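In this text, all values refer to a predicted model and were calculated from it rather than measured experimentally. As a basis for the values below, the full set of heavy atoms in this structure was taken, side chains included, without hydrogen atoms, waters or symmetry mates.
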Amino acid sequence: MTTDAPDQSTPTSPEQARAQLQAQVSALPAKPGVYTFRDATDRVIYIGKAANLKSRVRSYFGSPRSMEGKTRVLASKIAQLEYVTTHTEQDALHLEATLVKRHQPFFNVRLKDDKHYPYLKIDVDAPWPRVTITRRVARDGARYFGPYASAKSVRTTLDLVKKLFPWRSCDKEITGSDPRPCLEYYIRRCIAPCTSFCTPDEYQEVIDQTMLFLDGKSETVLTQLKTSMTDAAEDLNFERAAQLRDQITAVERVTETQLTADTSAAEIDVYGLAVDGDEAVVQVLFIRGQKMAGSDHFNLAGVKDESAGFVISSFLRQHYEGGLQPPKLVLIPDEIEDLDLLQSWLTEKRGTKVEVRHPQRGDKRRLVAMATENASETLAMSRVRWMADRGRTDAALTELEEALSLPTPPSRIECYDISNTQGSNVVASMVVFLDGRPATNEYRRFKIKTVDTSEGPNDFASMAEVIQRRFKRLGEQRRAERAEGFDVPDEPDSGATVDEERETQTESEGWGAIPDLVIVDGGRGQVSAAHDVMRNLAVDDIPLAGLAKREELLYQVDSADPVRLDRRSQGLYLVQRIRDEAHRFAISYHRRLRAKQTSQSTLDRIKGIGPRRKKALLRKFGSLQALREADVTDIASTPGMTQRLAEQLKLEL
């Protein structure tokens with residue numbers, strides 16, 4: 001493994017800096033390795049692996065138009081390049097996982113939880129093995145069982161196997177010459193090798209049964225115990241037979257509560273993934289033997305614009321990089337590109353073959369679906385917990401007050417988002433957060449009415465229409481107050497919302513409420529469009545900001561530079577939640593309209609063709625294709641049709 005550091009001389013201009021980087025890229029070797037990008041502040045922003053360093057790194061310095069959004073932003077921030085060559089691509093994968101966990105670069109998928117799970121360890125090479133708890137798996141010839149989701153669960157399992165199988169729990173040196181056994185012998189928790197009350201073979205049989213039980217092979221253990229009980233009874237050793245009978249009963253009782261639907265022994269880690277914006281949750285189910293040994297979840301960051309397969313692959317590399325022992329089978333929710341490389345790396349870590357599979361059907365597919373559902377619920381629950389934390393929401397509102405120079409913490413925040421499909425079914429949403437919490441009864445949906453979308457979507461004009469309809473009444477009221485010196489009585493705003501089932505709101509909510517902050521989904525263009533309307537309506541004193549998705553920057557009207565909140569700040573987390581909620585609300589309405597439109601027949605959209613005429617036409621011609629091929633006279637002769645309507649129908653079809 002060799003390392004090459006960049007030239008540390010500081011260029012005098014951005015052009016020179018870029019030229020220096022290009023020269024470094026041209027000189028890169030065509031070997032496996034790991035590359036590191038740093039920004040102008042010397043901060044590590046991305047770490048990646050490559051089978052061919054020269055080819056892979058060069059892709060970041062091509063035309064920006066050929067790059068995905070996240071990659072384009074990353075490429076624009078690269079100021080320094082470092083790389084390390086390795087002997088194999090597998091070595092590169094291992095090194096990349098180690099460095100990503102150490103540096104947590106912003107543009108990498110980052111595992112927030114660095115957990116070391118507890119295992120049960122049996123040192124089979126020791127003369128009188130014991131069962132102990134450890135958090136590190138080593139290649140020392142010992143057997144490891146787990147992982148267990150918590151220290152409590154591993155201690156519970158340890159207590160259980162101690163009750164079922166009489167191995168020694170002491171750490172004393174066993175010589176066989178002790179004058180008497182300890183209390184554990186008399187309560188049948190140990191067979192006393194310290195006093196030579198058992199032979200090495202008898203003690204090894206207890207250890208073998210313990211390992212079989214921990215492997216989930218309870219039936220094999222029961223068969224052995226029943227055979228031993230029969231042999232003891234035939235030898236007239238009834239005390240020994242009674243002990244074995246009680247042990248069989250205890251194992252059967254435990255096994256009944258641990259069996260899963262699939263009674264075959266297994267060693268599987270099952271993963272599910274839920275992604276929302278730049279965050280994700282991975283849920284893992286540990287299947288060991290014939291039971292689910294536990295489950296856990298992990299929070300990820302930096303997943304925006306990444307495929308599910310890439311996120312899972314990045315997670316697995318970091319997850320198994322620590323002391324966690326890979327199982328025989330890993331089930332994942334999506335296909336990954338570097339499957340063979342990942343499998344060979346996991347196989348090397350385990351010492352025996354590891355298979356990574358994306359199941360398409362059957363019980364294993366259902367296990368992945370269950371893990372995915374749990375991941376979605378965990379992600380939703382984390383948001384609920386955050387919103388319910390009064391201290392965090394208060395801190396977030398205070399941060400927004402300071403960052404956006406607001407007069408007070410924004411108690412009422414309104415956020416607007418546009419949703420469409422290539423200009424069709426254009427809709428918008430308004431979501432309201434009061435004191436950092438969603439006020440769902442004040443959410444509103446809009447169907448865009450005045451914007452011409454014949455040549456494609458126009459988000460700026462659509463945003464202007466929504467802001468106009470939202471603040472029209474408030475603007476008229478303010479102008480009237482200034483002109484007449486008194487308040488204008490409440491009047492419903494015609495056409496302000498498509499949710500006609502909503503009841504008229506009071507002055508303290510709905511259209512009469514004045515927000516402390518308006519957020520539009522988008523950058524400077526959306527902010528300018530909204531501000532022009534608010535200025536014309538004389539409501540431009542209401543603070544306005546736009547949240548751009550790519551870099552999560554807040555744009556304001558009177559500020560040349562956008563506001564960049566700290567990536568870990570409560571304020572940024574809150575505005576992201578508000579923006580994501582507005583997007584969810586808008587897209588759900590858009591999908592509903594699109595589904596409704598798709599479900600309608602072409603005949604339903606033709607004026608004059610009602611249910612009866614439609615039924616008669618389809619009964620006579622059988623299909624729309626036959627209708628298109630029929631002549632006008634034949635269509636006009638259909639019961640209920642006229643010559644004029646038949647001509648109109650042919651024109652529409």
Undergrad: Is it the case that the side chains of Gln80 and Asp42 hold a donor-acceptor pair, with the cut-off being a distance below 3.5 Å and no angle test?
TA: yes

Undergrad: Please report the closest heavy-atom contact between Asp91 and His87, naming both atoms and the distance.
TA: OD2-CB, 3.7 Å

Undergrad: Would you say the side chains of Asp208 and Gln204 form a donor-acceptor pair under 3.5 Å?
TA: yes

Undergrad: Tell me whether the count of non-hydrogen atoms from other residues, nucleotides or ligands lying under 6.0 Å of NZ in Lys54 goes above 12.
TA: yes

Undergrad: With the side chain counted from C-beta on, respond yes when Val368 and Pro333 share a heavy-atom pair under 4.5 Å apart, and no when they do not.
TA: yes

Undergrad: Side chains of Leu554 and Pro562: closer than 4.5 Å at any heavy-atom pair?
TA: no

Undergrad: Between Glu355 and Gln343, does a side chain to side chain contact (heavy atoms under 4.5 Å, CB included) hold up when you go through it step by step?
TA: CA-CA 6 Å; Glu355 182 182 2; Gln343 284 187 148; 3.8 Å; yes

Undergrad: Taking ring pair (Phe, Tyr, Trp, His ring centres under 6.0 Å) as the test, write out the residues that go with Phe315, two or more places apart.
TA: Tyr271, Phe298, His319

Undergrad: Can you pull the salt bridge (Lys or Arg N to Asp or Glu O under 4.0 Å) pairs that have at least one residue in residues 119-131, sequence neighbours excluded?
TA: Lys121-Asp140

Undergrad: Residues two or more places apart in sequence or in another chain: which of them pass ring pair (Phe, Tyr, Trp, His ring centres under 6.0 Å) with Trp167?
TA: none

Undergrad: Is the backbone of Gly523 close enough, under 3.5 Å, to the side chain of Gln526 for a donor and an acceptor to pair up by distance?
TA: yes

Undergrad: With sequence neighbours excluded, tell me which residues meet side chain to side chain contact (heavy atoms under 4.5 Å, CB included) with Ser376.
TA: Ala274

Undergrad: Can you name the closest pair of heavy atoms from Ile336 and Ile332 and give their distance?
TA: CG2-CD1, 4.0 Å

Undergrad: Can you tell if the side chain of Tyr203 reaches within under 4.5 Å of the side chain of Ile191, non-hydrogen atoms only?
TA: yes

Undergrad: Is the backbone of Val73 close enough, under 3.5 Å, to the side chain of Ser76 for a donor and an acceptor to pair up by distance?
TA: yes

Undergrad: Checking Ile45 against Leu74 for the side chain to side chain contact (heavy atoms under 4.5 Å, CB included) test, could you report, in this order, the C-alpha distance in whole Å, the side-chain angles of both residues, the deciding distance, and whether it holds?
TA: CA-CA 8 Å; Ile45 57 175; Leu74 166 62; 3.7 Å; yes

Undergrad: Only counting residues at least two apart or in another chain, list the ones meeting side-chain hydrogen bond (donor to acceptor under 3.5 Å, both in side chains) with Arg366.
TA: Asp363

Undergrad: Which pairs, with at least one residue in residues 49-75 and sequence neighbours excluded, count as a ring-ring contact (aromatic ring centres under 6.0 Å, His included)?
TA: Tyr35-Tyr60, Phe37-Tyr60

Undergrad: Can you list everything that forms a side chain to side chain contact (heavy atoms under 4.5 Å, CB included) with His103? Sequence neighbours excluded, please.
TA: Val44, Ile47, Leu99, Pro105

Undergrad: Indicate whether any N or O donor in one side chain lies under 3.5 Å from an N or O acceptor in the other, for Asp269 and Tyr320.
TA: yes

Undergrad: Please determine whether a side-chain nitrogen of the Lys or Arg among Arg38 and Glu82 lies less than 4.0 Å from a carboxylate oxygen of the Asp or Glu.
TA: yes

Undergrad: Can you find a side-chain donor-acceptor pair between Asp39 and Thr41 that sits under 3.5 Å?
TA: yes

Undergrad: Does a salt bridge link Arg350 with Glu267, judged by any charged N lying under 4.0 Å from a carboxylate O?
TA: yes

Undergrad: Tell me every residue that passes side-chain hydrogen bond (donor to acceptor under 3.5 Å, both in side chains) with Gln283, counting only those two or more places apart in sequence or in another chain.
TA: Thr378

Undergrad: Is a donor on one side and an acceptor on the other found under 3.5 Å between the side chain of Glu202 and the backbone of Thr199?
TA: yes

Undergrad: Judged by atom type as modelled, is there a donor-acceptor pair below 3.5 Å linking the side chain of Gln570 to the main-chain atoms of Ala396?
TA: no

Undergrad: Any side-chain heavy-atom pair from Leu574 and Gln576 closer than 4.5 angstrom?
TA: no

Undergrad: Hey, what do you get for CZ (Arg577) to OH (Tyr573), rounding to the nearest 0.5 Å?
TA: 4.5 Å

Undergrad: Arg168 side chain to Trp128 main-chain N or O, any donor-acceptor pair under 3.5 Å?
TA: yes

Undergrad: Shortest non-hydrogen contact from Val354 to Pro326?
TA: CG2-CB, 4.1 Å

Undergrad: Kindly determine whether Leu81 and Thr36 satisfy side chain to side chain contact (heavy atoms under 4.5 Å, CB included), including the steps that lead there.
TA: CA-CA 6 Å; Leu81 165 64; Thr36 300; over 6 Å; no

Undergrad: Please find the pair of heavy atoms, one from Ala375 and one from Val281, that lie closest to each other, and give the distance.
TA: CB-O, 3.6 Å

Undergrad: Do other residues, nucleotides or ligands put more than 12 heavy atoms under 6.0 Å from the CD atom of Glu337?
TA: no

Undergrad: Between Ala403 and Leu565, what is the shortest heavy-atom contact and its length?
TA: CB-CD2, 3.5 Å

Undergrad: If you define the side chain from C-beta out and look only at heavy atoms, does anything of Lys364 sit under 4.5 Å from Leu329?
TA: yes

Undergrad: Would you say that Val282 contacts Leu300 through its side chain, given a criterion of any heavy-atom pair below 4.5 Å between the two side chains?
TA: yes

Undergrad: What is the minimum heavy-atom distance between Pro32 and Glu89, and which atoms define it?
TA: CB-N, 3.8 Å

Undergrad: Could you pull out all residues at least two apart from Phe107 that satisfy ring pair (Phe, Tyr, Trp, His ring centres under 6.0 Å)?
TA: none

Undergrad: Without swapping roles, check the side chain of Gln318 against the backbone of Val109 for a donor-acceptor pair under 3.5 Å.
TA: yes

Undergrad: Ser313: what forms a side-chain hydrogen bond (donor to acceptor under 3.5 Å, both in side chains) with it, not counting sequence neighbours?
TA: Arg317, Asp338

Undergrad: Going by the rule side-chain hydrogen bond (donor to acceptor under 3.5 Å, both in side chains), which residues pair with Arg58 if we only count those two or more places apart in sequence or in a different chain?
TA: none

Undergrad: Taking ring-ring contact (aromatic ring centres under 6.0 Å, His included) as the cut-off, I'd like each qualifying pair that reaches into residues 356-381, sequence neighbours left out, listed once.
TA: none

